[in-house]
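Written below as structure tokens is the structure these notes are about.
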Amino acid sequence: MPYQLTNADLSDAMKLTANFNALAKCISARNNPTNSIQINGGGGTLAGISPLTNGQLVIGSSGNPPQPQGLAAGDGIQITNGAGSIAIAATSAVGGTGLYRQMMSDTPTASITGLTSWLNQGSAAVSDSTVGVCIDAPTSGTSTNLTGRFKASPSTPYTVTALVAATRYSNTLNGVGIGWYDGSAKLHLLSYQINNGAPYLAVNKWTNVTTFSATDVTSAMNAFAQPIWLQVSDDGTNAAFRFSQDGLNFVQLFSVAKSSGFLGAIGYSNVIFFADPRGSRTLATILSWTQT
């Protein structure tokens, strides 16, 4: 009440009217639904927040009335709402999310990666699954016949990092990897290759999907384990190719100024994920994909 009246006080019409008006404003709050939360509506009135559903909380909103909202679950989190309760739990034990859990992206798909355009598809197919996006390329025999999925390169500077696995039984120059495609014919690629049973890494130049041009660098046949992290980056001036076994620490295999690079100053215009299925059917899978 704006005015307190005690025994023996003389009645004052102005004070009585003010008190009655204050009561009337409070009584009007009963029009809010049952179980609503009453708040100060300003001007001496009460206002109501709608009744909350299971798991909802009243959350502040700067300059506005509080809002009824529920908690949103992040990756690996499950929220179960009950009457007067909220249970938050991990969907799996930390150890169950994989060796590379600290670096892994959400499960890649063609749409998430942006790799939605085919280069030389032929009989190859692509699929999304619970482990990632996979190119299934039939063998090209002893002939080179690159196939891949590409997308327009992002604005520089950028880095693309992929965890790649190759399923194959070839014994001759079979490869999978990432790199660049100029949108016309030429490619500059970081390839996880196999030859005579030994895996190695190479940065290769291709005149087109069936014509090898030259190699910039070839690693020793160090029995690189699968899956393997491959990385390409473009800082606007230089294009670089790197690899890692732990997903955090990368070794640079090769770097070149774009102006003098194989694709030319403007040719590093599409990022590509590819397979070279010589010697056997090849499944090239992206298990993790990040672009920074």
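Only a predicted model underlies this, so the values are computations on that prediction, with no experimental measurement involved.
- Of the possible polar contacts, one joining the T147 side chain to the N120 backbone as a donor-acceptor pair under 3.5 Å is found.
- In this structure, the side chain to side chain contact (heavy atoms under 4.5 Å, CB included) partners of T211, at least two apart in sequence or on a different chain, are T207, N208.
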Legend entry - Pair V58-L52, side chain to side chain contact (heavy atoms under 4.5 Å, CB included): steps then yes or no: CA-CA 8 Å; V58 178; L52 305 181; 4.0 Å; yes

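- Nearest heavy atoms, P154 versus V271: CD-CG2, 4.4 Å.
- Between atom CG of residue L253 and atom OG of residue S219 there is a gap of 6.5 Å, rounded to the nearest 0.5 Å.
- Although no hydrogens or angles enter the test, the distance criterion places no donor-acceptor pair under 3.5 Å between the side chain of S61 and the main chain of N64.
- Looking only at side-chain heavy atoms (C-beta outward), V164 and P227 stay at 4.5 Å or farther from each other.
- Closest heavy-atom contact between D235 and T237: OD1-N, 2.8 Å.
- L146 has its side chain within reach of L187: a pair of non-hydrogen atoms, C-beta onward, lies under 4.5 Å apart.
- At distances below 3.5 Å, not a single donor-acceptor pair connects side-chain atoms of Q231 with backbone N or O atoms of A162.
- Side-chain contact between Q245 and F250: absent, with no pair of heavy atoms (C-beta onward) separated by less than 4.5 Å.
- By the rule that hydrophobic residues join a cluster once side-chain heavy atoms approach within less than 4.5 Å of another member, F212 and L190 end up as members of separate clusters.
- A heavy-atom distance below 4.5 Å is not found between the side chains of V176 and F274.
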Inset, instruction - For the pair I272 and L189, evaluate side chain to side chain contact (heavy atoms under 4.5 Å, CB included) and give the outcome as yes or no after the intermediate values. - result: CA-CA 8 Å; I272 189 167; L189 306 175; 3.7 Å; yes

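- The CG atom of N204 sits 4.0 Å away from atom OG1 of T215, with the distance rounded to the nearest 0.5 Å.
- I112 has its side chain out of reach of W289: every pair of non-hydrogen atoms, C-beta onward, lies at least 4.5 Å apart.
- Linking ILVMFWY side-chain heavy atoms closer than 4.5 Å, directly or via other members, places V232 and Y192 in a single hydrophobic cluster.
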Let me check something: any side-chain donor-acceptor pairs from residues 122-129 under 3.5 Å, sequence neighbours excluded? List them with distances.
| from | atom 1 | to | atom 2 | distance (Å) |
| --- | --- | --- | --- | --- |
| D128 | OD1 | A110 | N | 3.0 |
| S129 | OG | V131 | N | 3.3 |
| S129 | OG | G132 | O | 3.3 |

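- Q67 and P65 get closest at one heavy-atom pair: NE2-O, 2.8 Å.
- Within the structure, ring pair (Phe, Tyr, Trp, His ring centres under 6.0 Å) contacts touching residues 213-233 (residues at least two apart or in different chains) are Y100-W229, F224-F243.
- Hydrophobic cluster of L283: no remaining members, since no ILVMFWY side chain lies below 4.5 Å from it.
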Inset, instruction - Would you check, one step at a time, whether the test side chain to side chain contact (heavy atoms under 4.5 Å, CB included) holds for W118 with I135? - result: CA-CA 10 Å; W118 275 105; I135 293 176; 4.3 Å; yes

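- Separating the CG atom in L57 from the CG atom in N81 is a distance of 8.5 Å, to the nearest 0.5 Å.
- Counting only distance, with no hydrogens or angles, the side chain of S170 and the backbone of R278 share a donor-acceptor pair below 3.5 Å.
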Inset, instruction - Apply side-chain hydrogen bond (donor to acceptor under 3.5 Å, both in side chains) to D246 and S244, showing your working. - result: CA-CA 6 Å; D246 62 19; S244 173; 2.9 Å; yes

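- Proximity of W180 to S269: side-chain heavy atoms (C-beta onward) are nowhere separated by under 4.5 Å.
- Hydrophobic clustering of Ile, Leu, Val, Met, Phe, Trp and Tyr side chains at less than 4.5 Å, counting indirect connections, keeps I178 apart from W206.
- The stretch residues 135-179 participates, sequence neighbours left out, in these ring pair (Phe, Tyr, Trp, His ring centres under 6.0 Å) pairs: F150-Y181.
- Here the straight-line distance linking atom CG of L163 with atom OG1 of T290 works out to 10.0 Å at 0.5 Å rounding.
- A donor-acceptor pair under 3.5 Å is absent between the side-chain atoms of T282 and the main chain of G175, judged by distance alone.
- Side-chain atoms of I88 and L71, non-hydrogen and from C-beta on, do get closer than 4.5 Å to each other.
- Of all heavy-atom pairs spanning L115 and R149, the tightest one is O-NE, 3.1 Å.
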Show me the donor-acceptor pairs, under 3.5 Å and distance only, between side chains in residues 255-267 and residues at least two apart or in other chains.
| from | atom 1 | to | atom 2 | distance (Å) |
| --- | --- | --- | --- | --- |
| K258 | NZ | D234 | OD1 | 3.4 |
| K258 | NZ | D234 | OD2 | 2.8 |
| S260 | OG | A257 | O | 3.3 |

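- Although no hydrogens or angles enter the test, the distance criterion places a donor-acceptor pair under 3.5 Å between the side chain of T139 and the main chain of S280.
- Summarising the geometry of T159 relative to S233, their closest heavy-atom pair is OG1-CB, 3.4 Å, with the distance given to 0.1 Å.
- Under the 3.5 Å distance criterion, the side-chain polar atoms of S288 are matched with a main-chain donor or acceptor of S105.
- Heavy atoms only, all atoms of each residue included: P68 and Q56 are closest at O-NE2, 3.7 Å.
- Panel note: side chain T285, backbone L287; no donor-acceptor pair is recorded below 3.5 Å.
- Here the straight-line distance linking atom CG of N195 with atom CG of N174 works out to 10.0 Å at 0.5 Å rounding.
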Inset, instruction - Report the C-alpha distance between Q78 and T80 in whole Å, list the side-chain angles of each, state the deciding distance to 0.1 Å, and finish with yes or no for side chain to side chain contact (heavy atoms under 4.5 Å, CB included). - result: CA-CA 7 Å; Q78 176 179 299; T80 303; 3.6 Å; yes

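- In this structure, the separation between CG on N270 and NZ on K151 is 10.5 Å, given to the nearest 0.5 Å.
- At a threshold of 4.5 Å between non-hydrogen side-chain atoms, the residues T109 and V133 do not count as touching.
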